[in-house]
Structures are given as C-alpha cells and as structure tokens.
Enquirer: 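Okay, handing you the structure first.
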Amino acid sequence: MQEIYYDNSATTQVCQEALAAATLAMTSEYGNPSSVHGRGAAAFRLLNSARTTLARAMGVPAEELYFTSCGTESNNTAVYGAALSGGKRAKRLLISSIEHPSVEQAAKYLMNKGFSLEFIPVDRQGVLDLGALRQQLNEEVALVSVMHVNNETGTIQPLRQVGAAVRELAPEAVFHVDAVQSFARLPLELKAWQADACTISGHKIHAPKGVAALWLRGACRVQSLLRGGGQEKNFRSGTENMPGILALSAAAEEACTKMEQNERQISAVRKRLLAGLQAELPDLRINSPDNAAAHILNISFLGARSEVLLHYLEQSQLYVSSGSACTSKSSKGSHVLEAMQLPPDVVDSALRFSFSRFNTLEEAERAVSIIVQAVQEIRCIMGRNKKKR
Ligand code: PLP
C-alpha cells in the first residue's frame, strides 16, 4: 500500500533542490559566515546569495529580509517587536479572529503588559469583516496582523483593502501579514497590500524544519528580540542556520518559478478528490470557500467525528489533519471554524486535506474510495450505537 500524504499544510516533504543545498552547507561549505578567514567568507557569500534569491521570490529588497528559526519566531517577533516599538499612546493590538496561535498567543501575552487585544471578526466564509476593521482602527493601534491564507480552510483575505484601511485610519500601526500558508503557492503582493512585515516558513514549502524568514519594510519600526553576536544586521543574533537557509532559498526558487504549473497540478488533484467525494457522499459539507487557495480543502463528514475518521484513514496510509496540526493534539474545537460560526456537529466532523505538487490524480482516486468506505463504516457503527442507547 502506498501512502497518500494530504497534510502539506502541517509540513512538507523536503524537495531535491533543498536537500542538495542543505547538504552543501553541511559538508564542503560548512563555514560560519561571521568567521574572518576564507571559509567564513565563502559561507558569507552563500548566505548573501540565498538572501537575494529568497528576497526575489518574495518580491522584497534583500536588505530587508531576516532569517529566523521558524514561522512562530517570525510571528512572535513581529507582534512583540511592533508592540514594543509603538509610541506611548499605541497600546491596542488588532488581529483577525482566525490567526495562527503563534500570532494569537503572542498578542494575548501582551495583554498582561499593558496592551489591549481586539479580534477582527470574520464572516461565515472566514473572510475578514472590513466594516468592523474600519471601526476598530484608530491612532492608538500599534499592530494589525492578518494572515494571507488561513491554515485550516484556505480562505484568502482581502489584504489590499485591509492595508488601505490601516494606512488611512492608523497610519503609524505596523501591518503584519502571516504568509506561511501562501508563500510559493500564491503571489505575495506586499506593495499593493501596503504591508510593513511578512512571515514565511521553510517547512511548508519543501525546505526542512527550523528555518523561516521575516521581511520588515525599511522604515518599519520593529524591535529585535534576540541580542548577542549581532548577526542579521544586529536584528536577530545567533549563528545562521546555513543548511536551513540555503535549503529555504533553493526550495523557494524552485516553487516560485513553477508556481502556476504547480497550482494547476494541485487544483486538478483537489477537483478530482472533491468530485469523487461529492458523487458518493452528497451530504458532505465544504467549509472552504469556492475561491479558497487550491492547496487547502476543509470538509465535514457529518456523523463521523474527525479524530475517528482521521485514524481510520491512517490505517490505509492516507494522512490528513483535523484542524491545524499545531493545535490538533488539543481537545479544543477549531477556533477558526468556531469564529466562522459553524455549528458544533460541522466543527466536530471537519477534516483538512492539504496538497502539494507531489500529489497525483491517481492518488486522488484511491483517496476517494478509502474515505467513502471509512465514512460509511463509521456512520454505520455510530447508527448502531445510537439504536442500542
Ligand atoms: N502561521 C501559520 C499560518 C501556520 O500555518 C503555521 C504552522 O502551521 C505557523 C504560522 C507557524 O510556523 P512554524 O511551524 O514554522 O513555526
């Protein structure tokens, strides 16, 4: 039995390009970019070249890009850094109600430090309520953080309108975009969004875990959190993770140059899976909007609890996720689906399928029969149990 991996929003398989780049940095080019001898200088050149490549893929100037250890660190840095840098009056933090915990928990922590936190509501599709945002914005806002693509549903946020509202009504606020789930899958339009800061993460785009980046617009004020040897222009001390950084830049270049081609492949897989499931299980409920990012599909199979279904599927080596991977080990329901005001039975039976360019149409067909059989068996058992009671 061959595995089918539909959990690419949790993490991805490392691609050959990233593996080769990491291997280079761990073997022949193992220098520390801060060393003043030749080996250090060679590493420094590789670091600069990786930064230039990644910056090009993100559409930002290389000197505004900082490497970090993970998306969580980049998000924490943006939230804490923006809050610390705001003026005396700027004590309000605005984040969407469906942000990743690495934004939400960082902002919540600041509530004990003299900041107030307000959530921007979303509608039933998970799209930000722009009217509510406009009412919440004023000059006391230090930070607005809104993700590009939601990690549970694939909902794409109207960032042009968000950015325009921020610039009009809270011009001093830092506008941060968490693009962990969109980078290398959809174009980043940081200029058009009028964003100040943006997070991306390596292991979501076929680079290894433990490397990420934070872009900060030149004029944007965000204080650094790590102090020490002064790496990353004194913004993020710590010896650079050269294998990770070279791998991230190689993976980004590969994914971004083939973005449209990959998107077509992923859309075809999504379409085939969805059509097959709808034909056999017409009562399924799609929680992702029609115009969601192609690589994330959230579906509820009413009557089949997501944890039970997930483990059923696992027996056939079909790997999916219930809610986001980072929170799915907690017993709490998805805060994203709850913010979308979906009923409890829909939330309890929601599964996330997330695709990569390595998924095939043949897999999608196999996945349909595995899922249909599992849902029917679980419903049958649940029905019998109900009758017994
Ligand atoms: N932001 C989003 C939207 C995510 O989906 C994730 C991880 O799932 C993160 C941030 C955190 O990234 P990392 O796992 O690199 O810390």
Side-chain angles (χ1 to χ4, degrees), residues 58-61 64-66 68 71-122 127-150 156-180 182-183 188-200 213-225 235-236 339:
M58 291 179 70
V60 299
E64 296 181 350
L65 197 56
Y66 302 91
T68 65
T72 299
E73 183 192 328
S74 292
N75 280 347
N76 273 232
T77 305
V79 172
Y80 295 141
L84 287 173
S85 310
K88 270 200 188 121
R89 278 186 62 214
K91 294 291 175 199
R92 295 177 55 221
L93 310 173
L94 295 187
I95 70 170
S96 88
S97 51
I98 57 167
E99 288 306 298
H100 187 266
S102 53
V103 167
E104 189 197 7
Q105 293 301 320
K108 275 192 175 157
Y109 175 76
L110 290 170
M111 290 168 72
N112 304 323
K113 308 278 171 205
F115 290 87
S116 69
L117 170 60
E118 290 154 57
F119 293 94
I120 313 158
V122 295
V127 179
L128 207 78
D129 179 340
L130 288 165
L133 170 68
R134 288 186 69 84
Q135 292 202 336
Q136 288 169 304
L137 286 168
N138 67 20
E139 280 163 7
E140 290 166 15
V141 174
L143 168 82
V144 178
S145 190
V146 177
M147 67 203 330
H148 185 199
V149 165
N150 180 263
I156 302 172
Q157 296 301 340
L159 293 181
R160 268 178 198 247
Q161 288 94 316
V162 174
V166 174
R167 292 285 81 97
E168 180 192 336
L169 300 165
E172 297 299 315
V174 172
F175 174 31
H176 167 250
V177 175
D178 175 351
V180 165
S182 63
F183 175 54
L188 298 188
E189 299 177 283
L190 294 160
K191 238 192 197 150
W193 301 337
Q194 304 186 61
D196 295 306
C198 177
T199 293
I200 62 117
L214 176 65
W215 165 71
L216 291 175
R217 194 169 57 82
C220 158
R221 292 165 299 124
V222 167
Q223 278 196 25
S224 75
L225 301 183
F235 183 74
R236 199 271 181 186

Enquirer: Give the minimum heavy-atom separation between Leu143 and Ala78, together with the two atoms involved.
Expert: CD1-O, 4.2 Å

Enquirer: Would you say the side-chain atoms of Ser97 pair up with the backbone N or O of Ile120, donor to acceptor, closer than 3.5 Å?
Expert: yes

Enquirer: Mind listing the closest non-hydrogen atom pair of His148 and Ala179 along with its distance?
Expert: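 Between these two residues, the closest heavy atoms are CB-CA, 4.3 Å.
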
Enquirer: Report yes or no: does Asp196 contribute a side-chain atom to a donor-acceptor pair with the main-chain N or O of His176 at less than 3.5 Å?
Expert: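 Not at all, since once roles are kept as given, no pair shorter than 3.5 Å links the two residues.
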
Enquirer: Might you point out which heavy atoms bring Val149 and Ser182 nearest each other, and give the distance in Å?
Expert: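 Answer, listing the atom of Val149 first, then Ser182: CG2-CB, 3.6 Å.
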
Enquirer: Nearest 0.5 Å, what's the NE2-OG1 distance between His100 and Thr199?
Expert: 11.0 Å

Enquirer: Distance check, rounded to the nearest 0.5 Å: Glu140 atom CD versus Leu94 atom CG?
Expert: 11.0 Å

Enquirer: Does the Ser96 side chain pair with the main chain of Val146, one donor and one acceptor, at a distance under 3.5 Å?
Expert: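 The answer is no, because no donor-acceptor pair under 3.5 Å joins these two groups.
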
Enquirer: Is there a side chain to side chain contact (heavy atoms under 4.5 Å, CB included) between Phe183 and Leu188 once you walk through the steps?
Expert: CA-CA 7 Å; Phe183 175 54; Leu188 298 188; 3.8 Å; yes

Enquirer: What distance separates Lys108 NZ from Phe119 CZ, expressed to the nearest 0.5 Å?
Expert: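 Interatomic distance, Lys108 NZ to Phe119 CZ, rounded to 0.5 Å: 5.0 Å.
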
Enquirer: Above 12 or not: heavy atoms from other molecules or residues under 6.0 Å from CD of Gln194?
Expert: yes

Enquirer: Can you name the nearest heavy-atom pair linking Leu225 to Thr77, along with the distance?
Expert: CD1-CA, 3.6 Å

Enquirer: First locate atom OG of Ser224, then atom OH of Tyr66, and finally report the distance between them rounded to the nearest 0.5 Å.
Expert: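 Rounded to the nearest 0.5 Å, the OG-OH separation comes out at 9.5 Å.
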
Enquirer: Is it true that, when you exclude Tyr109 itself, more than 12 heavy atoms of the residues, nucleotides or ligands shown sit nearer than 6.0 Å to its OH?
Expert: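 12 or below, so no.
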
Enquirer: For a quick test of reading the model, state the closest non-hydrogen atom pair linking Val180 to Gly71 and the distance between them.
Expert: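 In terms of heavy atoms, the two residues are closest at CG2-CA, 4.4 Å.
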
Enquirer: What's the shortest heavy-atom distance between Met147 and Leu159, and which atoms?
Expert: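 What the structure gives for the nearest pair is O-CD2, 4.1 Å.
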
Enquirer: First locate atom CD of Gln136, then atom CZ of Arg92, and finally report the distance between them rounded to the nearest 0.5 Å.
Expert: 7.0 Å

Enquirer: Return yes when atom CD of Glu118 has more than 12 non-hydrogen atoms of other residues, nucleotides or ligands closer than 6.0 Å, and no otherwise.
Expert: yes

Enquirer: Please confirm whether the backbone N or O of Val103 pairs with a side-chain atom of Asp178, one donor and one acceptor, at under 3.5 Å?
Expert: no

Enquirer: More than 12 non-hydrogen atoms from neighbouring residues, nucleotides or ligands closer than 6.0 Å to CD on Gln135, yes or no?
Expert: no

Enquirer: Using a 4.5 Å cut-off on heavy atoms from C-beta on, say whether the side chain of Trp193 contacts that of Val162.
Expert: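 Val162 vs Trp193: side chains apart.
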
Enquirer: Quick one: pull up CZ in Phe115 and NZ in Lys91 and give me the separation to the nearest 0.5 Å.
Expert: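 So the CZ of Phe115 and the NZ of Lys91 are separated by 4.0 Å.
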
